[in-house]
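Once you've had a glance at the structure underneath, I'll fire off some questions.
So that the names make sense, note that chain A is the first sequence line, chain B the second, and so on, each numbered from 1.
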Amino acid sequence: MPEGHTVHRLARALTDLFAGQRLTVTSPQGRFAGGAALLDGRVLAGASAWGKQLFVDFVPADGGTRAPDDVRVLRVHLGLYGAWTFAGDGSAVVVQAIGAPRRRIGETETLPPVAGALDEPVPLPRGDESPASASGPEGDVALEVVADAPVPDWQPPAPRGAVRVRLRGVHAVADLTAPTTCEVLTPSEARAVVERLGPDPIRWGDAARAGTEPDPHDDPQRFVDAVRRSRTPVGARLMDQSVVAGVGNIYRAEVLYRARLDPFRPGSSVPVEDLRAVWDDLVELMLDGVRTGAIVTTLPEDRVPGGTTGRHRVRQNSDAVPGAVPSDASFYVYHREGLPCRVCGNPVLVREVAGRNLYSCATCQR
DNA sequence: GACCAATGTTGAC
DNA sequence: TCAACCTTGGTCC
């Protein structure tokens, strides 16, 4: 059940593991046999994420170019419970996680965060206080290829469950299960998918931190305009991928809480400055999510011991990592219905909006 | 062991 | 509006 940060991590992992390698592509389950045949034997040029959409570019292995006619794009959307499971040969690929021969990326990934970076809170979006930029190495990739030679006689594990597609490279395999979407597109078809999406805070933030020119597609003004164009509640607009790409049910609830914004407020009535602040906060929170693999929105002073019952526990990817914020201390409102608001003490509310549970504090959010 | 909800989206009715 | 996707973890018995 990934939000955008997970898919961005996934794109990095696939690039790190396979870029430049000729892959064997199969569909053990059989449902993607035709697509797999279109990709089998090609070279993985790179993977990228736009919101929750994953695109993996394949080019011909022999004498091909990256001209559009030669590129085939694997498009994957994990949906509610899709996942990638990785297995490596264990000697040529160093997995930073200790003793993790099998890594699942998707929901229960075990890619480690950058050491020491876990407990740094993302400051609330107050005034023009510029949040301290995240410390630690940027673009944590978690894997380091230290040898190019394949390990002799290494055999990947048998596919587990209904594996839609398996990518096999020199040092590792990646298995995709239960995606909502898995298809082969031309580059222009892939771009058409991107054009349907709103701006992606992670892409915008990546470009800003790298000092490179952001794609105009990711301009935050598109987000501000889209929300204000409609009287639809801002809480509903945030879940619309054509308004902002990559935000899911946790980031929606949490970013509105951190902005103290009532989710039911009509989008058209939210001031531009407030929406700008929401965007800036999404950039910070989601880049933090990419870096650590976990969503943590609470400030340390709000993680009061005993502030939760332990029910509605939400798994966090880094639960086992020393220094990680416990999962039941990570959120202000998400999955905390009936529990006291961490700030005002009044019970957190849950209301269903368009089929999804929306959590908020009626006292703090107006 | 049965049952259910879920960090999501698409398409049929 | 609802089923499909067909996994995973938690709860309840």
Atom NE2 of H335(A) and atom P of dC4(B) are separated, to the nearest Å, by 17 Å
When R75(A), R72(A), R164(A) are each screened for salt bridge (charged side-chain N to carboxylate O under 4.0 Å, His left out) with E183(A), the one that passes is R75(A)
| Is R164(A) near enough to dC6(C) that one of its side-chain N or O atoms lies under 4.0 angstrom from OP1 or OP2? | yes
Worksheet item: Within the structure, does a side-chain N or O atom of N249(A) lie under 4.0 Å from either OP1 or OP2 of dA6(B)?
Response: no
| message | When you measure from the side chain of D175(A) to the backbone of T85(A), do you find a donor-acceptor pair of N or O atoms at a distance under 3.5 Å? | response | no
note: R196(A), atom CZ; dT9(B), atom C1'; distance rounded to Å ~ 11 Å
Sticking with atom P, work out how far dG1(B) lies from dC6(C), rounded to a whole angstrom.
24 Å
Out of dT10(B), dC5(C), dG8(B), minimum distance to the side chain of R31(A) belongs to dC5(C)
D240(A) CG to dG8(B) P, in whole Å, measures 13 Å
Rounded to whole Å, CZ of F32(A) lies from C1' of dC6(C) at a distance of 18 Å
Whole-Å distance, D175(A) CG to dT7(C) P, equals 13 Å
Open item on the list: Please confirm whether the ring centroid of Y251(A) lies under 6.0 Å from the ring centroid of H5(A).
Closed with: yes
When rounded to whole Å, the CZ to P distance for the pair R160(A) and dC6(C) reads 15 Å
With the side chain defined as heavy atoms from C-beta on, Y81(A) is closest, among dT7(C), dT9(B), dT10(B), to dT7(C)
Determine yes or no for a side-chain-to-main-chain donor-acceptor pair under 3.5 angstrom, with R22(A) supplying the side chain and R42(A) the backbone. no
Taken to the nearest whole Å, CD/Q53(A) to P/dT9(B) is 8 Å
Among the nucleotides dT7(C), dT9(B), dT10(B), whichever has the atom closest to the side chain of H77(A) is dT9(B)
Whole-Å distance, L197(A) CG to dT10(B) C1', equals 14 Å
Does dA6(B) have its OP1 or OP2 closer than 4.0 Å to a side-chain nitrogen or oxygen of R356(A)? no
Is V333(A) linked to V350(A) within one hydrophobic cluster, defined over Ile, Leu, Val, Met, Phe, Trp and Tyr using a side-chain heavy-atom separation of less than 4.5 Å? yes
Distance check, P atoms only: dC13(C) and dA5(B), in whole angstrom units.
15 Å
Is the phosphate of dC6(C), meaning OP1 or OP2, less than 4.0 Å from a side-chain N or O of Q29(A)?
yes
Q.
Looking at dT9(B), I'd like to know if its phosphate oxygens (OP1 or OP2) sit under 4.0 Å from a side-chain N or O belonging to Q241(A).
A. yes
